[in-house]
Enquirer: 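Handing you a structure now.
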Amino acid sequence: MSFNFGIIFAVICLIGGLLMFIFFKPFWWLMKKKEMPNHYKWYLRIPGILLILFGIGIVAISIINDLAF
């Protein structure tokens with residue numbers, strides 16, 4: 001597989017999405033120290049999940065492009 005900047009961008013997306021998925025609580029909620037409702041937890045994880053899927057898609061497209069051409 002050849003080196004390209006798409007792979008670097010995909011790795012950054014994967015790392016960022018993983019961090020967004022793990023640290024899903026907003027700062028203001030941590031300051032109040034209240035328990036967050038469960039549906040809010042998943043609402044705040046959605047951008048992290050989408051970023052992970054975006055990174056996986058870039059890696060898949062890069063691999064398909066290398067294999068096909």
Enquirer: Find the distance between CG (L19) and CG (L51) and round it off to the nearest 0.5 Å.
Expert: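 So the CG of L19 and the CG of L51 are separated by 10.0 Å.
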Enquirer: For residues A10 and G55, report the shortest heavy-atom separation together with the two atoms involved.
Expert: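 Looks like CB-O, 3.6 Å.
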Enquirer: Each residue besides F9 in its hydrophobic cluster should be listed here, by chain and number; the cluster joins Ile, Leu, Val, Met, Phe, Trp and Tyr at side-chain heavy-atom distances under 4.5 Å.
Expert: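 Noted: F9 shares its cluster with F54, I58.
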Enquirer: Just to verify, what does Y43 make a ring-ring contact (aromatic ring centres under 6.0 Å, His included) with, not counting sequence neighbours?
Expert: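 In terms of ring-ring contact (aromatic ring centres under 6.0 Å, His included), with neighbours along the sequence ignored, Y43 is linked to H39.
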Enquirer: Work out which heavy atom in L14 is nearest to a heavy atom in I52; give both atom names and the distance.
Expert: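 Closest approach of L14 to I52, heavy atoms only: CD2-O, 3.4 Å.
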Enquirer: Sequence neighbours excluded, which residues qualify as side-chain contact (heavy atoms from CB on, under 4.5 Å) partners of I61?
Expert: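 Once residues adjacent in sequence are excluded, I61 has no partner under the side-chain contact (heavy atoms from CB on, under 4.5 Å) criterion.
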Enquirer: Nearest 0.5 Å, what's the OG-CG distance between S62 and L67?
Expert: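 Reported value, rounded in 0.5 Å steps: 9.5 Å.
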Enquirer: Who are the side-chain contact (heavy atoms from CB on, under 4.5 Å) partners of L18, not counting sequence neighbours?
Expert: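 I22.
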Enquirer: I'd like to check the side-chain contact (heavy atoms from CB on, under 4.5 Å) partners of I12; sequence neighbours left out, ordered by chain and number.
Expert: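 I8.
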Enquirer: Could you tell me which residues satisfy side-chain contact (heavy atoms from CB on, under 4.5 Å) with F21, sequence neighbours excluded, listed by chain and number?
Expert: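 Partners of F21 under the side-chain contact (heavy atoms from CB on, under 4.5 Å) test: W42, R45, I49.
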